[in-house]
> 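Let me give you the structure first, and then I'll get to my questions.
Residues: numbered from 1 along the sequence shown. Scope of the values below: all heavy atoms of this structure, side chains included, with no hydrogens, waters or symmetry mates.
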Amino acid sequence: MDKRDPGNHLPQEHPGHPIGGGLPVIQQWANYTLSAQGPKVWQTLFHKSACLSCAWGTGGQKGGFSNELEEPLQRCAKSVEAIKAELQPAVRPHIFQNQTLAQLQQLTSQEADRLGRLGAPLILRAGQPHYEPIAWDEVYDLVEAAFRQPPERVASYSSGRSSNEAAFLLQLMIRAMGSNNLADCSDLCHRASSVALKTVFGTGTSMVSLEGLKQADCVVLIGSNAPANHPRLMNELIKLRDRTSADSSVRNGQIIVINPVKEVGLVKFGSPAFPLKSLVPGSDIASLFLQPIPGSDLAIFVGIQKSLIERGLVDLPFLQAHTDHWQTVIDQAQATPWQEIVSTCGIPQADIETAATIISQSSRVVFAWAMGITQQANGVETIFAIANTALMTGNAGKTGAGLMPIRGHSNVQGFGSMGVSNTLKDERLYEKWL
C-alpha cells in the first residue's frame, strides 16, 4: 500500500500553516499592471467581457472587476496575466531567423510566451530548421490546396481561444466538404466528462450554475489544482467554508478534497477578494483531504457508495423515482471487498467512511472535477462512479447540487455542445443553419 500522510483529517483552524495565494498575488498584480503596458492592461480589465483565462463572466454594471452577479473584486492574477500576454508587441523577426526549431523547443512555456505574440503567419517548410514568414496570399493558396484533398484526408481543430461562432462555421464547412474529422480542445481536456455526463444524464454540460454553487453546503473537489488554475472558484469555496461571518447567507459548509498532492492552496488560501479576513491570515478550504494513489479515484467512490449502502444512507426513493438500473450499481459496490478498495486507492476505510458521512449529512452537494480525472485511462468510468454517488444521495436535479466539470474556457464546453464533434448529435441542430 502506498505510504500516505496520515493527516487527512484537518482541524478547523490551521494557525501558522502556509497558505496559497495571499500577498504574492498582490505582487503579481503589481508586476503586470505597473509596467509600460500598465495603462492598456487597466483599460482592458474594465471591459465587459469574458475572462481570457477562465471564461467566467466579467464586467457587470459595476465594471470589469465584478462578475455576472455584480459581485466585486472578481478578477484574478491569471486574468491580468492573460491580458498582458495579449497586449505584448509582436515577436521580433530576428527571433525566428536566429533560433532553430530545436532551440525553440528548449524554451519553457513562460520563456516562449515572453517572446511576444505572433504578428504574422509563419510556416515551417519541409526539411528546413527555421520558421519563415509567409504572405497571406500564400496561406490562402496552401489552405485551398489542402481542402482539395480527399475528405478522409481533411481535418480541423478548434482551439478554446477561438469563438463558438467561428468554430461553428468551421465545422459546417468541413462537413460540407464530406469530412467528419472534427477535433476540438474538449477532446484533449474533457471528452471523458462529455461522454460520461451525456450517457448518465443526457447532456454533456455542467449541472451547476454560479447561482447554484452558492447554494451548496458541500463541495467534493476531485483532481483539481483550483488555487493555481481556477482562483475565482476559491472565493466560492471560502464563502462556503466561512464559519465566522455574521452574514446569514454564508453556509457553514464542508469541502472534501481528493488529490494525490496536498496542495497548499487547497488546505488554506488567501484571497484578495476578502482583504481583511482572508488575504494575509488565509482561509480554510479542505475540511477533509484524501490523497489517493494517482489514477485510483474510482475506487474511492466505490468505497463511498459501499459505506452509504452498509449504513442505510442511500436515498432509495430518489433512485426508484428517477433512475434506471440502480440496483446493479448497488450490487457491484456491495460485492467489492473493502480490502480491494483500500489497497487500490491507498486511503484507509475510516477516511472513506468519513467522506461518505459528510456527503450524507449535507443537503446539497456539488461534485466538481478537473483534468486530474479526465486525463486518466479510466476517466469515463470514474465520472460514472461520481455520477452514481450523486444519484445515490439525491444530489441531482435540484439547485445547489449536481456534477460540475471544471473546464476553464467556456469554449471547451461550447464547441462540443454545438456541433464540433466527430459524433453527430441525434438532434442535428446545425441543420437549421444550412
Side-chain angles (χ1 to χ4, degrees), residues 1-2 4 8-9 192-193 195-202 207 218-223 254 256-260 287-369 372-374 376-398 401-403:
M1 185 183 301
D2 194 36
R4 294 288 168 182
N8 284 328
H9 296 282
S193 299
V195 170
L197 291 173
K198 179 74 172 179
T199 302
V200 178
F201 298 105
M207 301 166 63
C218 176
V219 169
V220 183
L221 186 65
I222 318 136
Q254 299 287 324
I256 301 171
V257 176
I258 302 175
N259 205 48
S287 43
L288 176 68
F289 207 123
L290 304 180
Q291 295 179 262
I293 297 170
S296 67
D297 304 82
L298 174 58
I300 291 179
F301 283 93
V302 172
I304 291 173
Q305 294 168 14
K306 187 177 181 69
S307 177
L308 293 169
I309 295 166
E310 291 178 346
R311 293 185 285 164
L313 299 176
V314 174
D315 191 341
L316 288 177
F318 181 90
L319 293 179
Q320 293 165 349
H322 303 292
T323 69
D324 295 321
H325 312 300
W326 56 270
Q327 189 63 54
T328 302
V329 176
I330 287 181
D331 291 344
Q332 182 178 17
Q334 283 182 311
T336 306
W338 272 113
Q339 180 56 40
E340 180 179 336
I341 293 170
V342 170
S343 62
T344 298
C345 67
I347 302 297
Q349 178 179 341
D351 288 349
I352 297 175
E353 292 185 330
T354 298
T357 299
I358 293 173
I359 293 170
S360 68
Q361 292 177 346
S362 302
S363 59
R364 297 176 186 272
V365 183
V366 168
F367 296 83
W369 66 91
I373 294 298
T374 62
Q376 297 181 20
N378 59 342
V380 172
E381 290 77 9
T382 301
I383 298 170
F384 282 160
I386 296 171
N388 287 333
T389 304
L391 291 170
M392 290 171 68
T393 52
N395 282 296
K398 62 183 180 182
L403 280 75

> Hey, is the main chain of E353 close enough, under 3.5 Å, to the side chain of R311 for a donor-acceptor pair?
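Confirmed, R311 side chain pairs with E353 backbone.
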
> When you check the side-chain N and O atoms of D297 and Q376, is any donor under 3.5 Å from an acceptor?
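Per modelled atom types, D297 and Q376 side chains form a pair under 3.5 Å.
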
> Could you list the donor-acceptor pairs under 3.5 angstrom formed by side chains in residues 318-330, with sequence neighbours left out?
from: T323; atom 1: OG1; to: L319; atom 2: O; distance (Å): 2.6
from: Q327; atom 1: NE2; to: D331; atom 2: OD1; distance (Å): 2.8

> State whether the side chain of S307 and the backbone N or O of G303 hold a donor-acceptor pair below 3.5 Å, judged by distance alone.
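Not a single qualifying donor-acceptor pair exists.
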
> Mind checking the OG1-CH2 spacing from T382 to W369? Nearest 0.5 Å is all I need.
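Rounded to the nearest 0.5 Å, the OG1-CH2 separation comes to 10.5 Å.
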
> Once rounded to the nearest 0.5 Å, what's the spacing between atom CG of L288 and atom OG1 of T354?
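Going from CG on L288 over to OG1 on T354, the span is 6.5 Å.
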
> When rounded to the nearest 0.5 angstrom, what is the spacing between OG1 in T389 and CG in L308?
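Result: 7.5 Å between the selected atoms.
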
> Is the closest side-chain heavy-atom distance between N388 and F301 below 4.5 Å?
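No, side chains not in contact.
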
> Could you report the tightest heavy-atom contact between I358 and C218, atom names first, then the distance?
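Where I358 meets C218 most closely, the heavy atoms are CG2-SG, 4.0 Å.
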
> Can you find a heavy atom in the side chain of V365 that is under 4.5 Å from one in the side chain of T393?
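Result no, sub-4.5 Å side-chain heavy-atom pair not found.
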
> Which pair of heavy atoms, one from P292 and one from S296, lies closest together, and at what distance?
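Looking at all heavy atoms of both residues, the closest pair is CB-OG, 3.5 Å.
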
> Which heavy-atom pair separates V366 from A401 by the least distance, and what is that distance?
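Nearest pair, atom of V366 first, then A401: CG2-CA, 4.1 Å.
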
> Given I373, which of I258, V380, L298, I222 fulfils the side-chain contact (heavy atoms from CB on, under 4.5 Å) condition?
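The passing option is I222.
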
> Any idea which heavy atoms bring F201 and A396 closest together, and the distance?
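Between these two residues, the closest heavy atoms are CE2-CB, 4.2 Å.
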
> In this structure, which one of I359, L221, V219 forms a side-chain contact (heavy atoms from CB on, under 4.5 Å) with I256?
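Passing option: I359.
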
> As an exercise, state the distance from CD1 of I352 to CD of Q305, rounded to the nearest 0.5 Å.
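It comes to 11.5 Å.
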
> Which atom pair, heavy atoms only, marks the closest approach of A377 to E381?
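What the structure gives for the nearest pair is O-OE1, 4.5 Å.
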
> Do you know which two heavy atoms are closest between T344 and I293, and how far apart they sit?
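Distance-wise, the nearest heavy atoms are O-CD1, 3.5 Å.
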
> Just verifying a value: how many Å separate S360 OG and I304 CD1, rounded to the nearest 0.5 Å?
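That separation rounds to 10.5 Å.
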
> Say you draw a straight line from CG of D351 to CD of Q291; how long is it, rounded to the nearest 0.5 Å?
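Spacing of CG (D351) from CD (Q291) equals 10.5 Å.
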
> Would you say K398's side chain and R364's backbone share a donor-acceptor pair under 3.5 angstrom?
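It does not hold such a pair.
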
> Would you say that more than 12 heavy atoms from the other residues, nucleotides or ligands in this model lie under 6.0 Å from the CD of Q332, or not?
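Counting other residues, nucleotides and ligands, CD of Q332 stays at 12 neighbours or fewer.
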
